[in-house]
Amino acid sequence: MNAAAVPMRLALVGNPNSGKTALFNQLTGSRQKVANYAGVTVERKEGRLIAPSGRQYAVLDLPGAYSLHPASLDEAIARDVCRGFYPGEPAPDALVCVVDATNLRLHLRFVLELREIGKPMVVALNMADAARRRGIVIDVDALQRELGVPVVETVAVRSGGANALVAALDRMDAAAPPPQKRLAAHDHDGAVDADALHAETRRLLALAVTMPRRTARIDDALDRWLLHPVFGLLALAVVMFLIFQAVYAWATPMMDTIDAGTAWLGDWVGASMPEGPLNSLLVNGIIAGVGGVIVFLPQILILFAFILALEESGYLPRAAFLLDRMMAAAGLSGRSFIPLLSSFACAIPGIMATRSIQDPRDRLATIMVAPLMTCSARLPVYALLIGAFIPQQQVWGVFNLQGLVLFALYMAGILSALAVSWVMKKWRRDKSEHALLLELPSYRLPHPRDLLIGLYERAMIFLKRVGGIILALTVLLWFLLSFPAAPPDAVGPAIDYSFAGRIGHAMTAIFAPIGFNWQICIALIPGMAAREVAVSSLATVYALSAADDDAAAQALSPLIADGWSLATALSLLVWFIYAPQCLSTLATIRRETNSWKQVAISAGYLFALAYLASLITYQVAVALGAG
């Protein structure tokens, strides 16, 4: 068999913030697939690289790790895959250790650990251009000679920035003997002696690296402001505020275009088909329901774009450092910031990201409050209600009133999470404090290609949800709303006689004190499977319960604006701050905690908070004349 036809398996491994994923994107481009490692929820990325020589490579982007002595699940997976011990995962033929050329003091230690595995390896000095700009001089030949493995410079964010790495891989023989330069190891587990690692790292730095100063001037200048206990927190507040303003202001033109396209498609399909159940299913069920969710894709992508840009820029760890003292007072740690920020997009990856929190107590607290972060699935509901009941006007001639209301909803979730974690801290037995240790990476400009790839992946995840569970639930809801048909002597709307109508009317006995009508009660049921479905459910309910075709064709926002009181709208907004996000979130809590008890506690306290907060909101609003 032609050797070139058998892909060589490469494992990209390195510290977090080394630019490893950017290098993976550079090497593989669009030839990527994302899944999970067998038995766990850690994301697994694999791609294909075809070198100019024609040689093929299967490239695996391993989770970031600081050491082969794992302190988290991510590090344990990286270690086991590198050594060929992970179940169901083929052993890599070679390792590519990606290091930050501007921070070799930290990254070289991991290179030495990886070398001891004994596999063929290439060291990629990533961000070599940034190192040169800072006056850092690296003697690549000396470093290569002392390590005993190929060392090449890469610039992952620049076109052609990985050419030297690909050339080095083409010269590599996977069957070559392992590196001969080894360090002293403990006999009982083969682990390299820590003192020997530190000593060898210091020797390599003295021999091959000339540092003009320990950090770059620009980093120092920015950190003086962005890490300041007062100005830094103000800057973080401004960043978060601008994000929520942009979610509304920037997305409106794109949302209007999608909304107009959905309305046109519904009218065209409705006019092209004879009246009957199929027409109703397509127009009122699928198009109205799914279209009511897709319209919010621009807002979700804008939110994701900001989160990805902040992550790529190196700012997120600094935000974690800034918030550590405040979060510690509430029973969390600065490491909780990134999982909680990820939960603004979706609680599922946010909860999964808690694996980076080493302290089990802090990890559990973060998991339990992550559903209180306002996920992107809540945006459709917020946007619908804010658009219907909050006027679009300027405040102080600068701020958008609707954006201010959205910001207030997000802040309510954040403050509630801090309050809940504070209560948990008071109840737990272990009240000791744990110091936060973080690497603060150098600032860098996010590369547009990496942002686009990240946005594309998240858009596909969202659209698959729309085409999968949301479509299925929309069709199911249409069936419940349409059957059984009203009897010939019926005097009320046909929907009152349907399965869904009966369920909704029965539920009003429980939800009437918080102002929910039967249409809202119906939407709450499929909304538990996916929050986005609440909007499509309302669209389906109102399309089918309208008095005539003209009313059915109206937009959902004016319908609820005419039919609901302000008190009801405010109550529903508050409900969605606290109610459990979706069944998938609860399933993720079960996987991550391995405890049904924690799932029950999470769902129970969230439902209790939602009902109590909505009850207070509705009753106060009615008392003030908003009912």
Side-chain angles (χ1 to χ4, degrees), residues 7-51 56-66 70 72-100 110 114 122 124 126 154 156-157 161-162 165-166 169 304 307-309 311-312 316 338-339 342 345-346 348-353 355-356 446-464 588 591:
M8 181 178 181
R9 294 189 60 80
L10 300 177
L12 263 63
V13 62
N15 291 179
N17 304 306
S18 63
K20 175 174 57 63
T21 298
L23 188 60
F24 174 77
N25 292 335
Q26 172 81 260
L27 292 172
T28 61
S30 61
R31 299 177 297 277
Q32 301 177 9
K33 59 181 179 180
V34 181
N36 285 343
Y37 285 96
V40 296
T41 51
V42 177
E43 190 176 77
R44 179 188 185 279
K45 285 187 176 182
E46 184 173 336
R48 291 280 172 169
L49 164 65
I50 302 177
Q56 297 184 30
Y57 301 89
V59 186
L60 183 64
D61 183 15
L62 295 184
Y66 289 105
S72 67
L73 180 57
D74 284 7
E75 289 188 333
I77 290 175
R79 176 202 61 188
D80 291 345
V81 172
C82 286
R83 290 179 171 171
F85 295 159
Y86 195 83
E89 185 72 40
D93 299 311
L95 306 177
V96 176
C97 183
V98 185
V99 301
D100 181 353
F110 192 40
L114 287 172
V122 177
N126 200 31
T154 61
V157 297
L165 173 60
V166 175
L169 293 172
F304 271 122
I307 293 176
L308 289 171
E311 185 177 11
E312 289 290 322
L316 285 189
I338 295 177
S342 299
C346 178
I348 294 172
I351 292 171
M352 290 163 54
R355 290 189 298 267
S356 64
H447 194 274
R449 184 192 65 250
D450 295 327
L451 292 181
L452 289 174
I453 289 176
L455 287 177
Y456 173 79
E457 291 174 350
R458 285 153 180 80
M460 289 300 102
I461 291 172
F462 177 79
L463 292 176
K464 286 176 181 177
T588 303
R591 287 199 305 268

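Inspection of the Ser18 and Asp100 side chains reveals no N or O donor paired with an N or O acceptor under 3.5 Å.
In terms of heavy-atom proximity, Gly64 sits nearest to Glu75 at O-CG, 4.1 Å. Taking both residues in full, the closest heavy atoms of Thr21 and Lys45 are given as CG2-NZ, 4.2 Å, listed atom of the first, atom of the second, then distance. Pairing each heavy atom of Pro92 with each of Val81, the nearest pair is CD-O, 3.0 Å. In terms of heavy atoms, Tyr66 sits closest to Asn15 at CA-ND2, 3.6 Å. Heavy-atom minimum distance, Ala76 versus Pro70: N-CB, 3.4 Å. Counting all heavy atoms, side chain and backbone alike, Val98 lies closest to Gly19 at CG1-C, 4.4 Å.
How far CG of Leu165 is from CG of Asn126: 9.5 Å, rounded to the nearest 0.5 Å. Atom CZ in Arg9 sits 12.0 Å away from atom CG in Leu95 (nearest 0.5 Å). Atom CG of Leu10 and atom CG of Leu27 lie 8.5 Å apart (nearest 0.5 Å). Here Leu23 contributes atom CG and Thr28 contributes atom OG1; the two are 9.5 Å apart, rounded to the nearest 0.5 Å. Here CG of Asn25 is found 10.5 Å from CG of Leu452. Values are rounded to the nearest 0.5 Å. Residue Glu46 holds its CD atom at 10.5 Å from CG of Leu62, rounded to the nearest 0.5 Å.
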*Step by step, would you call Leu60 with Glu89 a side-chain contact (heavy atoms from CB on, under 4.5 Å)?*
CA-CA 11 Å; Leu60 183 64; Glu89 185 72 40; 3.5 Å; yes

